[in-house]
Amino acid sequence: MPHPETADFEQVTVSDVSRYYGRRRALSGVSLTCSAGQIIGLLGPNGAGKSTLLGLLATITEPSAGEVRYGDWTAREAGAALRARLGFLSHDLQLYPELSARENLEFFAGLYGLDHPTERALEALTNAGLRDRADDIVEGFSRGMRQRLALERVLLHSPRLVLFDEPFTGLDEASCGTLVARLRGLRAARRIVVLATHDLDVVDGVLDRAVILRRGRVHELGPGGTLRERYQIGLADGGVARRGAGRGAGPGVVVRP
Amino acid sequence: MSEFLRVAWLVVRKDLRVESRSREMLFTTLFFAVSCVLVFSFGFVRGGQAVEGAAAGILWITIAFSGTLALGRAFERERYHDALRGLLLAPVDRPAIYVGKLLGLLLLLAVVEAVVVVMVAFLFRAPLFQHSGLLLALLALGTVGFASVGTLFSAMLVRTKSRAVLLPVMLYPVTIPVLIMGVSGTAALIQPEPDLVMARLWISLLLFFDAVFLTLALWTFEPVMTE
């Protein structure tokens, strides 16, 4: 199949995907469908395979078995055209600290082949609330400022599928609120948002669906109750949270007062 | 092709900009190279007379050692803050990223070599500038061969914990032919009776090596960088 010129899609389908690192099984027979206009939460204890699944969706990692389809395409079929529709904000922010905020954005705008990279960078800086710090070196930015800049970097090219790995880590309440508002904006713009997080209280009410990864397998969380309660039940069902379920946070869960 | 070169240029420009602010790689590599030549000069120059044939070997071993030091740092900027993932996710030909990193490294090594050649010529009384065109060809082709293999290995090892140990272990066995060709070609140029035919033969062999290893590196970079 020839590579497409553009590879836009409305749905991502993960079908029976497994991923092994040597003899260690990170994901085992995972199936998941994500549609445009949805925010999907990937929950689970540390080491459950959330980052591996995000890596697979981002086409950085290849599945050992099964396939991921983006509309009609697989990553191998669509290649660079598909990558133009993906955005991935990992826990590490993928910025060059020695460059200024503007230079970082212009560099990535150039890589994505965007027209008028300078104007796009300034627009992104405005969205990040960093217009007045445009020419400051990123090394001097606070975690929150870097996070906002990194988010705008990821969204520079208007990706269809936006992936977040622990996006709330290190953010204060105000920055969390800004990020949540941005997530809602992405949903309204019919993007597909997949985020892995331990901050259950922050994303409660934001997610359209939540799935829990447990020992490399994925399970949909049931309806009813707060996200934390549903998460606890999901963990306890699998016998992961043998202790602690029902009397506080499960493993790796951040409690925000 | 123009898109490929545009991306490579973006990567080079970014690396130069970062280096111009930190000067980390340039200073480290240059300082090491200068120290290396100075130490050798104390060992191989007696009474103002250098040991015969030492200059060519010292020139290339300095290039190899300082080049290894630079290669070890080549992808560090991408490793910090996971910027490599950002690069690999961009909708570009991934070999263009390799070429950009390689060109940045070649520019750095060119600066280092300019200093090292002058130092070796002066301290070892080596007539390096007698056939400067041929010497330039030897240095350019030898550096491209060494750095093309090294940049690929450096990228391969970027996620490995023991990369500092593994890089030289992997690099030297593959690049030994480049160093032998470089030393032999340079020795042919600076011996009392320069053997230009032999020097040209070594240049041709270096050209062949470069073509093979650059092709292999461009071919393997994408699969190597996919986890």
Side-chain angles (χ1 to χ4, degrees), chain A residues 3 5-7 19 21 26 51-52 54-64 75-76 78-100 103-104 106-114 117 137-139 146 150 153-154 156-157 159 161 163 165, chain B residues 1-28 73-101 104 155 158-161 221-227:
Chain A
H3 284 206
E5 284 296 311
T6 59
R19 173 70 201 189
Y21 292 103
S51 296
T52 305
L54 287 179
L56 281 161
L57 289 170
T59 74
I60 293 280
T61 309
E62 287 195 337
S64 308
R76 199 175 278 270
L82 176 65
R83 295 203 296 274
R85 312 298 298 166
L86 305 179
F88 184 16
L89 179 61
S90 63
H91 177 61
D92 293 313
L93 299 177
Q94 301 169 5
L95 295 169
Y96 292 95
E98 299 90 346
L99 298 182
S100 71
E103 287 165 347
N104 265 289
E106 282 178 357
F107 171 62
F108 282 99
L111 280 185
Y112 279 83
L114 304 180
I137 302 296
V138 168
E139 205 158 28
R146 287 184 197 205
R153 183 195 73 68
V154 166
L156 258 180
H157 57 290
L161 174 62
L163 306 162
D165 195 357
Chain B
M1 189 62 190
S2 65
E3 179 61 15
F4 187 97
L5 293 176
R6 187 187 69 81
V7 172
W9 167 241
L10 277 174
V11 175
V12 174
R13 198 175 60 176
K14 181 266 298 172
D15 275 355
L16 291 180
R17 196 170 268 166
V18 171
E19 185 58 34
S20 72
R21 302 221 168 112
S22 68
R23 296 196 177 93
E24 184 188 346
M25 275 171 74
L26 180 66
F27 282 171
T28 314
R73 306 288 303 164
F75 277 86
E76 281 299 287
R77 279 172 198 142
E78 269 63 39
R79 198 173 67 79
Y80 290 142
H81 310 286
D82 206 19
L84 182 63
R85 188 170 285 191
L87 278 184
L88 295 177
L89 264 176
V92 297
D93 279 339
R94 287 177 177 161
I97 297 170
Y98 164 82
V99 170
K101 296 300 290 182
V158 72
R159 297 188 190 97
T160 315
K161 278 182 184 160
F221 185 75
E222 171 132 16
V224 156
M225 297 315 289
T226 306
E227 287 171 20

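Chain A is the first sequence line, chain B the second, and so forth, proteins listed ahead of strands; every chain is numbered from 1. Model, not experiment: these values are computed from the prediction.
In this structure, chain A has no heavy atom under 4.5 Å from any part of B:E24. Within the 4.5 angstrom heavy-atom criterion, atoms from both the backbone and the side chain of A:L111 approach chain B. Proximity to chain B is limited to the backbone of A:L95, based on heavy atoms less than 4.5 angstrom apart. Interface remark: A:Y112 contributes backbone and side-chain atoms alike to the contact with chain B (heavy atom separation under 4.5 Å). Neither the backbone nor the side chain of A:L89 comes within contact range of chain B; no heavy atoms are under 4.5 Å apart. Residue A:S64: no heavy atom, backbone or side chain, is found under 4.5 Å from chain B.
The distance from the CZ atom of B:R79 to the CG atom of A:D92 is 10.0 Å, given to the nearest 0.5 Å. A distance of 8.0 Å separates CZ of B:R13 from CD of A:E106, quoted to the nearest 0.5 Å.
Closest of all the heavy-atom pairs between A:A80 and B:P91 is O-CB, 3.1 Å. Closest approach of B:L87 and A:F108 over heavy atoms only: N-CE2, 4.3 Å. Contact between B:G86 and A:Q94 at its shortest, heavy atoms only, is CA-OE1, 3.7 Å. Nearest heavy-atom pair across B:K14 and A:L99 is CG-CD1, 3.8 Å.
A search for side-chain hydrogen bond (donor to acceptor under 3.5 Å, both in side chains) contacts involving B:D93 returns nothing, not counting sequence neighbours.
Comment: A:E103 engages B:R21 in a salt bridge, judged by a side-chain N to carboxylate O separation of less than 4.0 angstrom.
Judged purely by atom type and a 3.5 angstrom limit, B:R17 has no side-chain atom pairing as donor or acceptor with the backbone of A:E98.
Among B:L88, B:V18, B:L89, the residue with the largest count of heavy-atom pairs under 4.5 Å with chain A is B:L89.
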